[in-house]
Amino acid sequence: AQSVTQLDSHVSVSEGTPVLLRCNYSSSYSPSLFWYVQHPNKGLQLLLKYTSAATLVKGINGFEAEFKKSETSFHLTKPSAHMSDAAEYFCVVSDPYNQGGKLIFGQGTELSVKP
Amino acid sequence: KAGVTQTPRYLIKTRGQQVTLSCSPISGHRSVSWYQQTPGQGLQFLFEYFSETQRNKGNFPGRFSGRQFSNSRSEMNVSTLELGDSALYLCASGSGELFFGEGSRLTVL
């Protein structure tokens with residue numbers, strides 16, 4: 001069975017400082033991993049995805065994530081937070097042998113950015 | 001290219017009623033998935049349709065059902081509504097990498 005654990009339910013940073021959102025996964029297979037972002041009253045937007053190519057994945061809006069198999073982690077980082085980054089972030093895993101629409105979501109991390 | 005469109009965006013129902021939500025996927029996408037989002041349970045997979053056939057199903061009671069039409073548009077139906085069905089229902093199109101609509105927010109009174 002696959003699962004995802006987001007280690008922080010809430011993270012608060014100051015504008016201009018680095019962002020780190022932590023995610024650990026559990027999978028019987030080599031997984032596909034994603035980070036999605038959800039702004040208030042909006043749907044989910046894909047930030048980036050890992051599908052067994054490069055372990056360091058670059059996404060939109062300056063975000064990146066590193067896949068570490070030995071640590072079963074897929075943490076999301078950004079060098080410098082912007083006010084517009086305030087949102088909820090979801091780490092997501094899917095079965096790479098099931099390329100359908102069934103994704104397993106973490107519980108989410110709410111990111112606050114202080115001016 | 002137009003994104004995923006969900007209607008209605010907001011609706012209020014009372015216990016015991018039923019509701020139908022609609023989703024139009026991105027043009028060319030044949031797979032449509034549905035998710036329920038609540039503060040307590042987070043995002044949970046309901047079901048997925050591909051070429052008018054249910055391909056995957058989550059762990060929800062039979063009151064939750066769906067279908068897909070030949071043009072890939074999908075509907076989901078919830079019968080005999082309960083208070084706990086109040087949620088944001090998200091539709092997504094695509095396979096592997098999903099593209100989400102803005103959701104239909106259902107309130108059950």
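By convention in this document, chain letters (A, B, ...) are assigned in the order of the sequence lines, proteins followed by strands, and residues within each chain are numbered from 1.
For residues 10-20 of chain A, the set of pairs meeting the salt bridge (Lys or Arg N to Asp or Glu O under 4.0 Å) definition, not counting sequence neighbours, is empty. Annotation: salt bridge (Lys or Arg N to Asp or Glu O under 4.0 Å) contacts involving residues 41-63 of chain A, sequence neighbours excluded, comprise A:Lys42-B:Glu102, A:Lys49-B:Glu97, A:Lys58-A:Glu64.
The two residues B:Leu43 and A:Phe105 make their nearest non-hydrogen contact at CD1-CD2, 3.5 Å. The two residues A:Asn41 and B:Arg105 come nearest to each other via the heavy atoms OD1-NH2, 4.3 Å.
Remark: B:Arg9 CZ is packed, more than 12 non-hydrogen atoms of other residues, nucleotides or ligands lying under 6.0 Å away.
Contacts between B:Leu88 and chain A at a heavy-atom distance below 4.5 Å involve the side chain alone, from C-beta outward.
To the nearest 0.5 Å, atom CD of residue A:Gln45 and atom CZ of residue B:Phe99 are 10.5 Å apart. Interatomic distance, CG of A:Leu103 versus CG of B:Leu98, reported as 4.5 Å (0.5 Å rounding).
No side-chain heavy atom of B:Gln37 sits less than 4.5 Å from a side-chain heavy atom of A:Leu44.
A:Leu76 and A:Ile60 end up in the same hydrophobic cluster when Ile, Leu, Val, Met, Phe, Trp and Tyr side chains are linked at under 4.5 Å. Connection of A:Val92 to B:Tyr35 is established within a shared hydrophobic cluster, with ILVMFWY side chains joined at heavy-atom distances below 4.5 Å, either directly or through further cluster members.
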